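Working notes for the structure below.
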Number of protein chains: 2
Amino acid sequence: MQSNLSVTEENYIKAVYHLQQASGSVTTNVLSAKLVTTPASVTDMLKKLKAKGLLLYEPYKVFCLSPTGSKIALEIIRRHRLWEYFLVEKLAFGWDEVHEVAEELEHVGSKKLVDKLDQFLDFPKFDPHGDPIPDCNGLMSSVEQVSLAYLPIGQQAQVTAVSNQSTELLELLGHKHINIGTRLEVLAKFSFDNSIEVKIKDLQPLNISEQLAGVLFVKTL
Amino acid sequence: MQSNLSVTEENYIKAVYHLQQASGSVTTNVLSAKLVTTPASVTDMLKKLKAKGLLLYEPYKVFCLSPTGSKIALEIIRRHRLWEYFLVEKLAFGWDEVHEVAEELEHVGSKKLVDKLDQFLDFPKFDPHGDPIPDCNGLMSSVEQVSLAYLPIGQQAQVTAVSNQSTELLELLGHKHINIGTRLEVLAKFSFDNSIEVKIKDLQPLNISEQLAGVLFVKTL
DNA sequence: AATTTATTTTAGGCAAATCTAAAAAAAATC
DNA sequence: GATTTTTTTTAGATTTGCCTAAAATAAATT
């Protein structure tokens with residue numbers, strides 16, 4: 001049951017998985033944008049992954065991972081998130097600087113390594129960005145989290161996750177002193193630009209743009 | 001000062017370094033044997049590494065690493081041995097099962113990762129096989145170690161290193177209960193087959209073949 | 001429904017790393 | 001010193017992953 005995929009194949013599978021999570025199925029164009037490559041290259045790889053039984057794909061149709069493909073995706077995500085947790089908790093990396101390194105470490109495939117790392121870290125359930133870590137069977141916790149954009153005025157909440165790890169987003173969050181775990185309260189919402197005013201303990205009220213609110217996930221308190 | 005080498009290039013550099021340690025300079029044939037590839041493939045890569053200024057090479061001549069190449073080799077070896085130490089000390093791997101995994105982890109290039117790992121591990125000087133770990137400047141301890149084959153009768157010594165990590169060697173050492181750190185005394189030497197009888201505390205006297213004695217390094221006590 | 005536009009696939013090529021087979025150079029042997 | 005033998009290099013192919021440009025298909029528009 002050794003999958004033995006190339007780094008490139010693993011990156012494709014991971015990207016398909018994440019795009020599926022957002023919209024159920026995936027198209028060639030969207031995937032090529034995500035991987036910063038051309039649609040033609042994507043088509044090549046889709047045929048290869050289909051041949052390996054990891055992708056349900058017919059030419060010109062939308063596609064999604066096969067059950068086997070999904071299982072592999074969860075393994076890759078497990079490795080990525082465990083390494084992120086390791087980097088932050090053990091090596092004292094900032095939560096906003098672990099993504100690239102984890103992106104490399106996730107391709108070291110040894111099952112034994114990953115399971116022993118999991119044990120060493122005491123079986124963490126969430127990575128430093130608040131995303132759930134699949135266990136050795138591919139199962140993970142889900143959190144009842146909503147986008148900050150949907151909270152009513154007066155609602156108190158705690159940041160549980162951000163929808164992506166782009167440098168730009170993490171820089172902005174650092175500037176605003178917002179982290180996973182940060183507690184806040186919605187003070188006001190402005191319909192002109194859909195921005196939101198929030199209060200974080202010990203800080204001046206902050207204005208959160210529509211774009212930022214959309215990618216900040218919280219659980220209500 | 002980013003080297004940015006492919007995994008293959010790094011493996012070539014590492015192999016050249018290790019062969020140089022043994023015999024000063026390296027030939028195409030020897031290197032192709034070490035990397036389990038063809039001489040033709042080696043020639044291709046030699047030209048590439050020369051073009052990058054990492055190798056001192058002229059067609060049909062023996063070759064060796066340039067100063068830059070040596071520095072890179074030491075970085076790769078540093079990563080490999082730090083990961084081996086991590087796997088044994090933190091993840092409870094056996095010292096005989098870490099080589100393959102470290103072989104993959106060593107190619108994760110982030111300088112920050114490696115230096116933070118070093119710090120987390122408390123700047124270890126030797127890996128689980130007894131080999132010295134280069135520090136962040138490429139400097140490493142040397143041990144006054146000799147091959148077991150050269151010890152006189154009656155000499156007490158402690159195993160400090162083995163010359164390679166082949167499965168076959170490690171299996172034999174496991175069977176004989178010999179590890180890095182094992183203390184022993186030379187009881188007798190037999191000129192018929194150059195085998196050596198040694199005594200390890202609490203164990204029956206053992207016979208060490210000429211081949212095994214040649215690859216077991218010890219420091220005298 | 002026909003045509004335009006957008007998406008996706010095919011066709012043909014390129015670079016990296018490998019291979020086999022043949023040629024060139026060096027080393028060993030007679 | 002000439003001739004084998006060994007070593008090394010070159011030449012030409014292959015595979016993986018990527019590209020551009022053109023063709024095919026699907027979707028959108030009129």
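As the structure is a computational prediction, the values presented were derived from the model and not from experiment. Order of the sequence lines fixes the chain letters, A, B, ..., with proteins taken first and strands second; residue numbering starts at 1 for each chain. We use all heavy atoms of the structure for the numbers below, so side chains are in, but hydrogens, waters and symmetry mates are not.
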Hey, is the side chain of A/Tyr60 poking within less than 4.0 Å of OP1 or OP2 on D/dA23, counting only N and O atoms? no
A/Asn4 atom CG is separated from D/dT15 atom C1', nearest whole Å, by 16 Å
Using atom types as modelled and distance alone, determine if a side-chain donor or acceptor of B/Ser41 lies under 3.5 Å from a backbone N or O of B/Thr37. no
Among D/dT8, C/dT9, D/dA11, the nucleotide that comes nearest once only the side chain of A/Ala40 is considered: C/dT9
Quickly work out the A/Tyr57 OH to C/dT9 C1' distance and round it to whole Å. 7 Å
Contact summary for A/Ala161 and A/Asp131, nearest pair of heavy atoms: CB-OD1, 4.0 Å
Looking only at atom types and distance, does a side-chain atom of A/Lys189 sit under 3.5 Å from a main-chain N or O of A/Ile196, one as donor and one as acceptor? no
To the nearest angstrom, the CD-P distance between A/Glu9 and D/dT16 comes to 9 Å
Short side-chain to backbone donor-acceptor contact, A/Arg78 and A/Pro134, under 3.5 Å: yes
Return the value, rounded to whole Å, for the distance between atom CG of A/Asp44 and atom C1' of C/dG12. 12 Å
A/Arg79 and A/Glu10 ion-paired at < 4.0 Å: yes
Give the rounded distance in Å between these two atoms: CE of B/Met45 and C1' of D/dT10. 17 Å
Which part of the nucleic acid, if any, lies within reach of B/Lys47 when heavy atoms closer than 4.0 Å are counted: base, sugar-phosphate only, or nothing? sugar-phosphate
Spacing of A/Asn29 atom CG relative to D/dA26 atom P, expressed in whole Å: 16 Å
Any A/Thr27 side-chain nitrogen or oxygen under 4.0 Å from OP1 or OP2 of C/dT8: yes
Hey, does B/Thr8 reach any base, or is it just sugar-phosphate, or nothing, if we go heavy atoms under 4.0 Å? sugar-phosphate
A/Lys61 vs A/Ser6, nearer the 5' end of DNA chain D by closest nucleotide: A/Ser6
Is B/Pro59 touching bases, backbone alone, or none of the nucleic acid, heavy atoms closer than 4.0 Å? sugar-phosphate
If you look at every strand shown and take non-hydrogen atoms under 4.0 Å, does A/Phe63 touch a base, only sugar-phosphate, or nothing? nothing
Rounded to whole Å, the CG-P distance (B/Leu46 to D/dT9) equals 7 Å
Return no unless some side-chain N or O of A/Thr37 is found under 4.0 Å from OP1 or OP2 of D/dC19. yes
Given atom CG of B/Leu49 and atom C1' of C/dA16, what is their separation to the nearest angstrom? 13 Å
Under 4.0 angstrom between A/Thr43 side-chain N/O and C/dT9 OP1 or OP2: yes
If you look at every strand shown and take non-hydrogen atoms under 4.0 Å, does A/Thr28 touch a base, only sugar-phosphate, or nothing? sugar-phosphate
